[in-house]
K.L.:
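This is the structure I want to talk about, given as structure tokens.
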Amino acid sequence: MAKDITSRSQDYSQWYIDIVLKTGLADYSAVKGCMIIKPYGFAIWELMHDALDKMFKDTGHVNAYFPLFIPKSFLSKEAAHIEGFAKECAVVTHYRLKNADDGSGVIVDPEAKLEEELIVRPTSETIIWDAYRGWIQSYRDLPLLINQWANVVRWEMRTRLFLRTAEFLWQEGHTAHATRQEAEAETLTMLNIYERFAVEWMSLPVLKGVKTENERFAGAVDTYCIEALMQDGKALQAGTSHFLGQNFAKAFEVQFSTKDNTLEYVWATSWGVSTRLMGALVMAHSDDDGLVLPPKLAPTQVVIVPIPKLLPELDEAIGKLEKELKGLGIRVKVDKDDQNRPGFKFAEYEKLGIPVRIAIGARDLAAGTIEVARRDTKEKTNIPLDGIANYIDNLLGEIQRNLYNRALIFREENTTSVDTWQEFVDVIEHKGGFVSAHWDGSTETELLIKEETKATIRCIPMSNSSEPGNCIRTGKPSKQRVLFAVAY
RNA sequence: CGGGGUGUAGCGCAGCCCGGUUAGCGCGUCUGCUUUGGGAGCAGAAGGUCGCAGGUUCGAAUCCUGCCACCCCGACCA
């Protein structure tokens with residue numbers, strides 16, 4: 001086991017913190033609840049960004065940037081929306097500092113009070129819809145498919161690295177459509193993109209579903225989500241896509257002329273994923289030795305460790321191998337550093353989660369093989385040098401799939417269908433994971449269950465078939481099962 | 001906002017209860033030599049306003065008061 005990482009069985013929460021801090025993904029900062037994303041962590045986020053950004057653009061979206069500050073009055077225009085965010089907004093009240101008269105340092109200049117206070121965006125619906133009013137006049141202006149990559153601030157009581165921080169990075173898509181059907185289709189298109197990203201890039205199985213009224217985004221008509229299961233049996237919402245109906249169009253008076261020359265409010269969606277995905281990535285695959293990264297999101301996919309002495313012919317063989325791998329588009333690093341010994345490097349790269357490690361020394365050269373070690377299974381194999389690049393390329397694909405399959409099996413083993421309250425409580429308390437159970441559809445019951453067990457309804461799965469039954473808690477009739485879990 | 005914890009070298013800690021030379025230890029760093037197929041060995045060296053501010057005392061890392069910061073757990077939430 002890694003020297004400096006707490007084991008999962010000992011303290012899961014500390015394990016997560018150790019992984020994040022000690023693999024250089026992130027660090028705490030001078031500001032409470034805010035984090036520094038360090039170069040290694042940011043490199044992973046950039047790979048996520050690039051993959052998602054391409055998917056957005058391939059489906060017709062364009063990027064733009066809206067202001068960090070939102071006039072206070074905007075937030076109060078949509079009643080449900082403000083209610084959802086009011087408690088966690090940072091407010092800018094002044095615009096100038098000055099030196100204190102007593103020389104004790106700088107103070108806020110009381111003379112420089114803003115006429116209208118500014119809210120640091122917790123999300124950008126309001127400022128964007130205020131702008132859309134001016135951009136949309138006719139059906140010819142629709143659809144409007146805009147995304148922005150930005151930071152947002154939500155003043156959380158309790159924060160956790162990546163999973164919940166006061167400031168975080170995300171993308172937020174905000175689209176406007178002429179018809180309800182089109183907006184609903186857009187909501188689902190984006191949900192499917194998130195699912196595809198989770199599965200294909202993060203090797204993360206996710207469940208698509210609809211949120212209950214209680215868990216819905218403030219201001220949305222429907223909130224769809226992808227939910228993932230972490231290794232400790234807790235659920236994590238990994239992405240959301242909202243059908244906003246005409247709520248924001250009405251709040252911000254955004255109307256358009258139809259072909260029939262009538263005035264109608266536009267239909268809207270918004271959707272987002274955040275740096276929280278980094279947390280999901282860590283908690284889905286990593287182990288007591290450190291990070292385990294899916295190859296597609298690994299900043300370095302293959303590391304080559306030469307075994308000293310680095311004689312000219314060994315150096316030459318490594319150079320050739322590096323070139324071949326790069327030729328296949330593989331992100332490869334050669335560690336010729338003479339300061340650290342191979343054993344140290346092995347441990348270090350395992351900690352960093354690099355999917356494939358190649359060791360090559362004089363012994364291998366003589367035998368015409370190299371040692372290939374995969375991070376996911378810890379297997380080491382001697383492979384002939386001949387045709388090695390293609391072998392590695394395939395191996396990366398296999399690791400990507402293996403991580404997904406492993407996580408999928410874990411989720412299946414940790415999804416339990418229950419029909420009695422006793423079973424429900426027992427599974428939530430002892431086994432964890434997703435619990436599929438009947439629910440009477442009322443918010444009161446949902447809140448009651450939450451109070452009694454800490455479990456919340458993660459979603460009403462979209463794959464659900466209707467199945468009559470009785471509510472797990474109240475016994476009232478239920479049309480279908482929903483998914484409960486204790487969540488992050 | 002409640003409960004708990006921490007703050008001493010870059011990192012991890014001891015010392016504090018019971019005040020007293022020059023504040024220690026491990027890791028890391030630097031220099032040199034030997035090493036190198038799973039976290040190297042030896043020798044030497046550098047590195048500290050002991051979280052901040054007061055107080056008690058001949059004397060404070062240590063006792064007292066106040067403050068600050070961060071972390072963990074809980075309530076709230078993506």
Side-chain angles (χ1 to χ4, degrees), chain A residues 1-6 11-14 16-18 20-22 27-35 83-89 104 122-123 152-172 194 211 214-218 220 223 225-228 235-242 270-280 289-290 305-311 314 335-351 357-367 369-371 373 378 380 382 450-451 454 456 458 487-488:
Chain A
M1 187 174 42
K3 274 187 197 168
D4 44 1
I5 295 173
T6 307
D11 185 343
Y12 188 85
S13 178
Q14 190 60 45
Y16 174 76
I17 293 162
D18 285 349
V20 171
L21 294 179
K22 291 174 181 173
D27 201 355
Y28 293 114
S29 74
V31 183
K32 183 185 172 74
C34 292
M35 65 187 287
E83 199 173 323
F85 287 105
K87 283 177 289 184
E88 51 194 35
C89 285
S104 61
T123 179
V152 287
V153 169
R154 296 180 189 173
W155 215 265
E156 299 289 349
M157 287 296 188
R158 180 139 142 57
T159 57
R160 295 169 75 95
L161 294 163
F162 287 118
L163 298 176
R164 176 165 298 104
T165 45
E167 179 192 17
F168 56 93
L169 304 184
W170 77 345
Q171 59 68 216
E172 47 180 327
Y194 289 154
K211 287 292 188 187
N214 180 243
E215 296 274 334
R216 190 183 291 158
F217 172 74
T223 288
C225 61
I226 51 171
E227 292 281 331
L236 183 80
Q237 179 175 302
T240 50
S241 185
H242 313 290
S270 68
W271 28 272
V273 294
S274 72
T275 37
R276 176 178 243 202
L277 290 178
M278 296 286 296
D289 291 323
V305 178
I307 305 298
K309 305 260 179 157
L310 189 58
L311 298 169
L314 180 57
D335 185 354
K336 291 182 188 171
D337 184 352
D338 200 25
Q339 302 308 304
N340 294 315
R341 299 153 68 92
F344 177 86
K345 294 177 183 177
F346 293 171
E348 196 64 16
Y349 292 122
E350 275 164 17
K351 188 169 82 179
R357 180 186 74 237
I358 293 173
I360 177 165
R363 200 194 292 166
D364 303 282
L365 220 50
T369 62
I370 56 170
E371 183 190 86
K378 296 285 185 61
K380 288 198 282 196
N382 290 308
K450 183 180 178 185
E451 196 173 315
K454 286 181 188 167
T456 51
R458 300 321 303 150
Y488 273 99

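Predicted model, so just to flag it, every value in this text is computed and none were measured. Letters go in sequence order (proteins before strands), and every chain restarts at 1.
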K.L.:
Using atom P in both nucleotides, what's the gap between B:A14 and B:C63 to the nearest angstrom?
P.N.:
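Their P atoms lie roughly 15 Å apart.
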
K.L.:
Which part of the nucleic acid, if any, lies within contact of A:A238, taking any heavy atom under 4.0 Å across all strands shown: a base, the sugar-phosphate backbone alone, or nothing?
P.N.:
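No contact.
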
K.L.:
What integer number of Å spans the C1' atoms of B:A43 and B:G7?
P.N.:
35 Å

K.L.:
How long is the line joining CG of A:D338 and P of B:G37, in whole Å?
P.N.:
12 Å

K.L.:
Only one of A:E215, A:R216, A:H242 forms a side chain to side chain donor-acceptor pair (under 3.5 Å) with A:T223, so which one is it?
P.N.:
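Going through the options one by one, the only one that passes is A:H242.
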
K.L.:
Among all residues two or more places apart in sequence or in another chain, which pass the salt bridge (charged side-chain N to carboxylate O under 4.0 Å, His left out) test with A:E350?
P.N.:
A:R357

K.L.:
For B:G47 and B:U57, measure between their P atoms and round to the nearest Å.
P.N.:
36 Å

K.L.:
Just how far, in rounded Å, is P of B:U36 from CG of A:L314?
P.N.:
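Going from CG in A:L314 over to P in B:U36 covers 15 Å.
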
K.L.:
Kindly check if the number of other-residue, nucleotide or ligand heavy atoms within 6.0 Å of CH2 (A:W155) is above 12?
P.N.:
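Not more than 12 within 6.0 Å, no.
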
K.L.:
Between B:G38 and A:R357, counting only base atoms on the nucleotide and side-chain atoms on the residue, is there a donor-acceptor pair under 3.5 Å?
P.N.:
yes

K.L.:
Heavy atoms under 4.0 Å, any strand shown: does A:D364 hit a base, just sugar-phosphate, or nothing?
P.N.:
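Result for A:D364 = base.
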
K.L.:
Please give the distance between the C1' atoms of B:C13 and B:G2 as a whole number of Å.
P.N.:
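Nearest-Å result for B:C13 against B:G2 at atom C1': 30 Å.
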
K.L.:
Could you tell me the separation between the CZ atom of A:F344 and the P atom of B:G41, rounded to a whole number of Å?
P.N.:
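For the pair A:F344 CZ and B:G41 P, the rounded distance is 13 Å.
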
K.L.:
Who passes side chain to side chain contact (heavy atoms under 4.5 Å, CB included) against A:A280, sequence neighbours left out?
P.N.:
A:M202, A:L204, A:M230, A:L236

K.L.:
For atom C1', what is the distance between B:C70 and B:C33, given to the nearest Å?
P.N.:
44 Å

K.L.:
Tell me: CG of A:L311 to C1' of B:U36, nearest whole Å?
P.N.:
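Taking atom C1' of B:U36 as the reference, CG of A:L311 is at 12 Å.
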
K.L.:
Charged N to carboxylate O under 4.0 angstrom, A:K378 versus A:D289?
P.N.:
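A salt bridge is present here (some side-chain N lies under 4.0 Å from a carboxylate O).
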
K.L.:
For the CZ atom of A:R276 and the OH atom of A:Y488, what is their distance to the nearest 0.5 Å?
P.N.:
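Result: 10.0 Å between the selected atoms.
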
K.L.:
If we take the C1' atom in both B:U56 and B:G48, what is their distance in whole Å?
P.N.:
25 Å

K.L.:
Could you tell me how far apart A:D337 (CG) and B:G39 (P) are, to the nearest whole angstrom?
P.N.:
17 Å

K.L.:
Could a donor-acceptor pair under 3.5 angstrom be found where the side chain of A:E348 meets the base of B:G38?
P.N.:
no

K.L.:
List the protein contact pattern of nucleotides 72-78 of chain B with one symbol per nucleotide (5' to 3'): B for base contact, S for sugar-phosphate-only contact, - for none; contact means a heavy-atom distance under 4.0 Å.
P.N.:
SSBB-BB

K.L.:
In whole angstrom, give the distance that lies between atom CE of A:M35 and atom C1' of B:C71.
P.N.:
15 Å

K.L.:
Salt bridge (charged side-chain N to carboxylate O under 4.0 Å, His left out) with A:D364: which residues, sequence neighbours excluded?
P.N.:
none

K.L.:
When you compare B:C42 with B:A53, how far apart are their C1' atoms, in angstrom units rounded to a whole number?
P.N.:
47 Å

K.L.:
Not counting sequence neighbours, which residues clear ring pair (Phe, Tyr, Trp, His ring centres under 6.0 Å) with A:F85? List them please.
P.N.:
A:H81, A:F217

K.L.:
B:G37 C1' sits how many Å from A:R341 CZ, rounded?
P.N.:
10 Å

K.L.:
When the distance from CD of A:Q339 to P of B:G32 is rounded to whole Å, what number comes out?
P.N.:
10 Å

K.L.:
Find the distance between CD (A:E156) and CZ (A:R164) and round it off to the nearest 0.5 Å.
P.N.:
5.5 Å

K.L.:
Hey, could you give me the CD/CD1 distance between A:Q14 and A:I5, rounded to the nearest 0.5 Å?
P.N.:
11.0 Å

K.L.:
Expected output check: what is the dot-bracket annotation of RNA chain B, where ( ) and [ ] are pairs inside the strand (brackets for crossing ones), | is paired with another strand, and pairs are Watson-Crick or G-U under 3.5 Å?
P.N.:
((((((((.[[[[.)....(...]]]].((((((.....)))))).....[[[[[..)....]]]]])))))))....

K.L.:
Taking any heavy-atom pair under 4.0 Å as a contact, classify A:E350: base, sugar-phosphate, or nothing.
P.N.:
base

K.L.:
How far, in whole Å, is B:C68 from B:U31 if one measures between their P atoms?
P.N.:
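So the two P atoms sit 44 Å from each other.
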
K.L.:
Using the rule side chain to side chain contact (heavy atoms under 4.5 Å, CB included), only one of A:T275, A:T165, A:T159 pairs with A:M35; which is it?
P.N.:
A:T165

